[in-house]
Enquirer: 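Below are the structure tokens for one structure; questions will follow.
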Amino acid sequence: MSSDYTQQELMIAVASREIRDGELVFVGMRLPIIAYGVARSTHAPNARGLFEVGLMRDRAATTYLGTMGDPPNVTGALWATRMSNVMALMVQGHVDLGFIGGAEVDRFGNLNTSYVGPPEKPRVKLPGSGGGADIAILSRRWVTLMTHERRRLVDRVSFVTSPGHGDGSPGWRKRNGLLGGGPVAIITTLCVFRFPPEGGEAFVDTVHPGTTLAEVREATGWDVSVDSDVAETPPPTEAELREIRLRAAVGAR
Amino acid sequence: MSSDYTQQELMIAVASREIRDGELVFVGMRLPIIAYGVARSTHAPNARGLFEVGLMRDRAATTYLGTMGDPPNVTGALWATRMSNVMALMVQGHVDLGFIGGAEVDRFGNLNTSYVGPPEKPRVKLPGSGGGADIAILSRRWVTLMTHERRRLVDRVSFVTSPGHGDGSPGWRKRNGLLGGGPVAIITTLCVFRFPPEGGEAFVDTVHPGTTLAEVREATGWDVSVDSDVAETPPPTEAELREIRLRAAVGAR
Amino acid sequence: MTMAEAIARFVPDGSTVAMGCALEPLIPFAAGHELIRQGRKDLELVGPISDSLFDQLIGAGCVRRITAAWVGNVSEGLGHCYRRAAEQGVPREIEIHDHTNFSISMALWAAVWNVPYLPARTLLGSDILRTNPRIKAADGLVHIEAVRPDVTILHVQRCDAGGRAHAWGPLGISEEAGLAADRVIVSCEELVDESVTLSDPNRILLPETKVVAVVHEPGGSHPAPVQGFFKRDHALDNAYAEESRTREGFDAWAKRWIFDVPDRLRYMAMVDMDSIRITGRQLSVPANFADE
Amino acid sequence: MTMAEAIARFVPDGSTVAMGCALEPLIPFAAGHELIRQGRKDLELVGPISDSLFDQLIGAGCVRRITAAWVGNVSEGLGHCYRRAAEQGVPREIEIHDHTNFSISMALWAAVWNVPYLPARTLLGSDILRTNPRIKAADGLVHIEAVRPDVTILHVQRCDAGGRAHAWGPLGISEEAGLAADRVIVSCEELVDESVTLSDPNRILLPETKVVAVVHEPGGSHPAPVQGFFKRDHALDNAYAEESRTREGFDAWAKRWIFDVPDRLRYMAMVDMDSIRITGRQLSVPANFADE
């Protein structure tokens, strides 16, 4: 057993388990790119990564990447192309899993990366969608990773940059013409939220070792719904930890 | 003076004079590709050629081309790309002059390369538009070359593949949203037709040396309108003929 | 994989098949001949101008619908098999969805981006708007309905076993046809190690996830040319144009060049490659993909 | 041509300028710094994510409108100059047309093909539909209005004097941004003879007829990387993110790195290129373009 691991390492391990073998993954930077490398080295040796800058890769880069367009991510790529071609694969339903970052997420999995406060006069101007909204709308399923703070996990985001399950009513995505399946998990520093298959509100699926449900409730901006028999998040295995640490520099800041 | 030249050589010389220096020309095969080479070697050294297969060139190929995609037309090209990029330049108005072939042309410069007789049960199924309709609609001006026969120069084509001046009413193209200026000349084995600046009906501009107006009228499927002082087509100059003969093999069948 | 296997597994009767996407070079004749040999039926052929490949498939009775800008043969224009099918229903009736080169490209890009149509500025004033039910005038533009091939077949210079294809020279609509398709069959002059293809990921035409079969088929586009490998075989072009004038002539031509030939290897033994082989070297200056 | 000349001649005040089109590598920082040095005003900046270039131009007061998917800095996310402008109108108010990476590409392709809009399947359910007046929901799709840059500025690995640019690695939206623009300025690591560029016409990014200026500007994308030439300068990224937190900090940063530096050559003398220079060679396997 590996009792000695950081919060980040646990999040990476959880994220890597979201990747199934053979899948095409829209990989983000930082933690997801490490998670992708870990998955490929453990349970998903045939996964492929797609990067909106215009790249497909199999092998994960093993040196530090400041961005997905840094040279180590290009050398040996399976395809170097235009962004619109990468988006084409996603809009055709070929991207199984996407990772999206965000400043705020709400109970229905909607992400805000645009404006805190009114868009005409924002309190905080966030950088914007990038490819986030595209991934949120078009990938078959997606996951977001977030520091668990009350100001980040809010009841409803004031601006939906990247739609999750919208207003939470069943079938909201289908009714509104969104092709992809939406968010399946929010991986935080304290727990893992998941969503009902038909969409709706995030519920606590597992709580990280050493964290209490009360702590999760306290740090969450909505009245958290919890399965009665909520389990503990399985900690990183020895193999996962080894791979994570091998690759830590890739996503290091 | 060069009295010793063929009908084809005259047509090539006339076609080459349509090309102005510095222009971007949508070049077809056979006679136009020779005309392009002649123009570049004489009065238009800065012309460039565009080929819908996905090529831009300056120097004309000097060996025989069965098609514009044959290897000699590729080596040394200025751009090898997708067809849709070539079409982009044309739809943006960057193609000054196009050449289009056709089986039938009518008094308003409309070309038929699709169906003789009803489309549901054609008497002759012609090969179709290729890029012809695109050039006819989108290039700033265009020219067609044709054997002068009554069955080819008809009153109205039964099927408009590549629109010229439509029904011949002034401003027909603009009213119908066609971006390019339309046909400016029909170069035949007997004469050169031109069109009024605002569109409309083709008139005989010059008659080839040795041809009478009566012969032109006899071989044309509509009641030909002629300027009272119709001139003779200037024969190929020595320089033109030399260049044409140098390049004859390029478009030879 | 052999061409026979690739065609048998991935191109069932009734498929919508894009071919001839580079317009004039790289026409996948070997694949087309295999479709004919296997007696494929009811195909919808998608392409721009396709050299004489579509004419041959029509003559062999494989085709239900043509969705193309031009069908003929490059050496003389008129496609005799196309004429017989359209004018007399011989050997069978065909449906024709006329396109222009620009519009067939847009129809494929619509499929690439999974939208029902793309608007375009071409075809205004053309009677093709009257005969193609999948193109409509609207708001001063035309709306070109998406065309999504079940299979796109491409011939390229080199490919590795993982489906990473390098093609060069003018590419016509190869990229959008490949991206729009459900699956792609690649035939290639050279089957190379992935160290060759991955040395230049920008030259990789399509994502390997689209490619279901790689067939090593030297000469697979003959008589159409392959830049750097061989030139166009004009003699064969001309012979086809001449012999296909009658149905009997086409049948004899097809017997000789397709039905009596078990595969491309045997076909290649029948043609004079020495006269068209490209032996020179004009190599592209390399790009440095190093990261350190 | 020098960068100063190219910017002076081809990018007047009020221009719509596309930059940063490869998303993360090849960002034309040298051109951006020259725009700042020349005090260009009222620009509309068009791009996907642009590294920190757009943030710098906003901080310097050059920008009237942002038409982009993301503005920040790659090292830490938030763009401090962007924040000050949007939140407090400092140094001036800016208008924001939010896009996604996919939608800005489609907006440029619409301009490439000269149509008023392209339909797309993204942005449904996003509030970006509420804040960008040039994107509308219609018939279960969104219609993305064309964005046509007056000028697109690209940094590439090599280019010849005639404007034939070779770029490699991921290209983002470089191609559509160049084709959509009225004119293109290319800066390059290497100014090469046309025998290099024409040896590989498939790698030529854009038609030379779009290119109005070629600037030989080694290091022109620093601190953003150039495949085969140099890596990202993380230290400089981080320093910018830190120093730009306050307006005064940004002004001091701009004085040091832009206003007190007459040109890129002098800038390059200030940075530690030895630590990021790519010295290895991983050359693409050549393609044979011979025709005989």
Side-chain angles (χ1 to χ4, degrees), chain C residues 102 105-106 109-110 113-122 139-144 146 156-158 166-171 189-190 192-193 195-203 205 225-232 276-292, chain D residues 102 105-106 109-110 113-122 139-144 146 156-158 166-171 189-190 192-193 195-203 205 225-232 276-292:
Chain C
F102 195 2
S105 170
M106 290 296 108
W109 282 118
W113 290 317
N114 196 13
V115 287
Y117 72 92
L118 284 182
R121 291 268 196 201
T122 191
D139 311 322
L141 301 165
V142 296
H143 288 190
I144 300 168
V156 303
Q157 278 94 344
R158 64 191 177 206
H166 276 193
W168 56 91
L171 297 176
E189 290 298 315
E190 289 181 342
V192 296
D193 188 77
S195 61
V196 174
T197 49
L198 302 190
S199 78
D200 194 350
N202 285 91
R203 212 184 292 280
L205 185 58
V226 179
Q227 196 76 28
F229 288 80
F230 55 89
K231 296 183 279 187
R232 178 172 288 285
I276 57 171
R277 188 166 286 118
I278 291 174
T279 53
R281 287 167 78 77
Q282 296 204 36
L283 299 184
S284 63
V285 174
N288 186 7
F289 279 85
D291 60 344
E292 280 290 344
Chain D
F102 195 2
S105 170
M106 290 296 108
W109 282 119
W113 290 317
N114 196 13
V115 287
Y117 72 93
L118 284 183
R121 292 269 195 199
T122 191
D139 311 322
L141 302 166
V142 296
H143 287 191
I144 299 168
V156 302
Q157 277 94 345
R158 62 190 179 207
H166 276 192
W168 57 91
L171 297 175
E189 290 298 315
E190 289 181 344
V192 296
D193 188 76
S195 61
V196 173
T197 49
L198 302 190
S199 79
D200 194 351
N202 286 91
R203 213 185 291 280
L205 185 58
V226 179
Q227 195 75 28
F229 288 80
F230 55 87
K231 296 183 279 188
R232 178 173 288 286
I276 57 171
R277 187 167 286 119
I278 290 172
T279 53
R281 288 167 77 78
Q282 297 205 36
L283 299 183
S284 63
V285 174
N288 186 7
F289 279 85
D291 61 344
E292 282 290 343

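Below, all heavy atoms of this structure are taken into account, side chains as well, without hydrogens, waters or symmetry copies. All chains are named by letter (A, B, ...) in the order of the sequence lines, taking the proteins before the strands, and each is independently numbered beginning at 1.
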Enquirer: Between atom OG1 of Thr122(C) and atom CG of Asn114(D), what is the distance when rounded to the nearest 0.5 Å?
Expert: 12.0 Å
Enquirer: Does any backbone or side-chain atom of Asp291(D) lie under 4.5 Å from a heavy atom of chain C? Answer side chain, backbone, both or neither.
Expert: both
Enquirer: To the nearest 0.5 Å, tell me how far Asn202(D) CG sits from Asp200(C) CG.
Expert: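 Between atom CG of Asn202(D) and atom CG of Asp200(C) there are 10.0 Å.
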Enquirer: Could you work out, with side-chain contact (heavy atoms from CB on, under 4.5 Å) as the rule, every residue matching Pro286(D), not counting sequence neighbours?
Expert: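 Expected list: Leu283(C), Ser284(C), Pro286(C).
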Enquirer: Determine whether a donor-acceptor pair (N or O, by modelled atom type, separation under 3.5 Å) exists between the side chain of Trp113(C) and the backbone of Ala120(D).
Expert: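 Side chain of Trp113(C) to backbone of Ala120(D), a donor-acceptor pair under 3.5 Å: no, none is there.
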Enquirer: Applying salt bridge (Lys or Arg N to Asp or Glu O under 4.0 Å), can you list everything that pairs with Arg121(D), at least two apart in sequence or on another chain?
Expert: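 Arg121(D) satisfies salt bridge (Lys or Arg N to Asp or Glu O under 4.0 Å) with no residue once adjacent residues are dropped.
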Enquirer: Can you tell if the side chain of His166(C) reaches within under 4.5 Å of the side chain of Val285(D), non-hydrogen atoms only?
Expert: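 In short, these two side chains do not touch, never coming nearer than 4.5 Å.
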Enquirer: Hey, what do you get for CZ (Arg203(C)) to CZ (Arg203(D)), rounding to the nearest 0.5 Å?
Expert: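 Atom-to-atom, Arg203(C):CZ and Arg203(D):CZ are 5.0 Å apart.
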Enquirer: Checking heavy atoms, do the side chain of Gln227(D), its backbone, both or neither come under 4.5 Å from chain C?
Expert: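 Gln227(D) touches chain C through backbone and side-chain heavy atoms alike.
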Enquirer: So what's closer than 4.5 Å to chain C heavy atoms on Pro119(D): side chain, backbone, both or neither?
Expert: both
Enquirer: With only heavy atoms counted, which part of Gln157(C) is less than 4.5 Å from chain D, the side chain, the backbone, both or neither?
Expert: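 Neither; nothing under 4.5 Å.
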Enquirer: Once you measure the plane-to-plane angle for Tyr117(D) and His143(C), does it fall in the parallel (<30°), tilted (30-60°) or perpendicular (>60°) bin?
Expert: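 Perpendicular, since the angle between the ring planes exceeds 60°.
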Enquirer: Side chain, backbone, both or neither: which part of Leu171(D) has an atom under 4.5 Å from a heavy atom of chain C?
Expert: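 The side chain, not the backbone.
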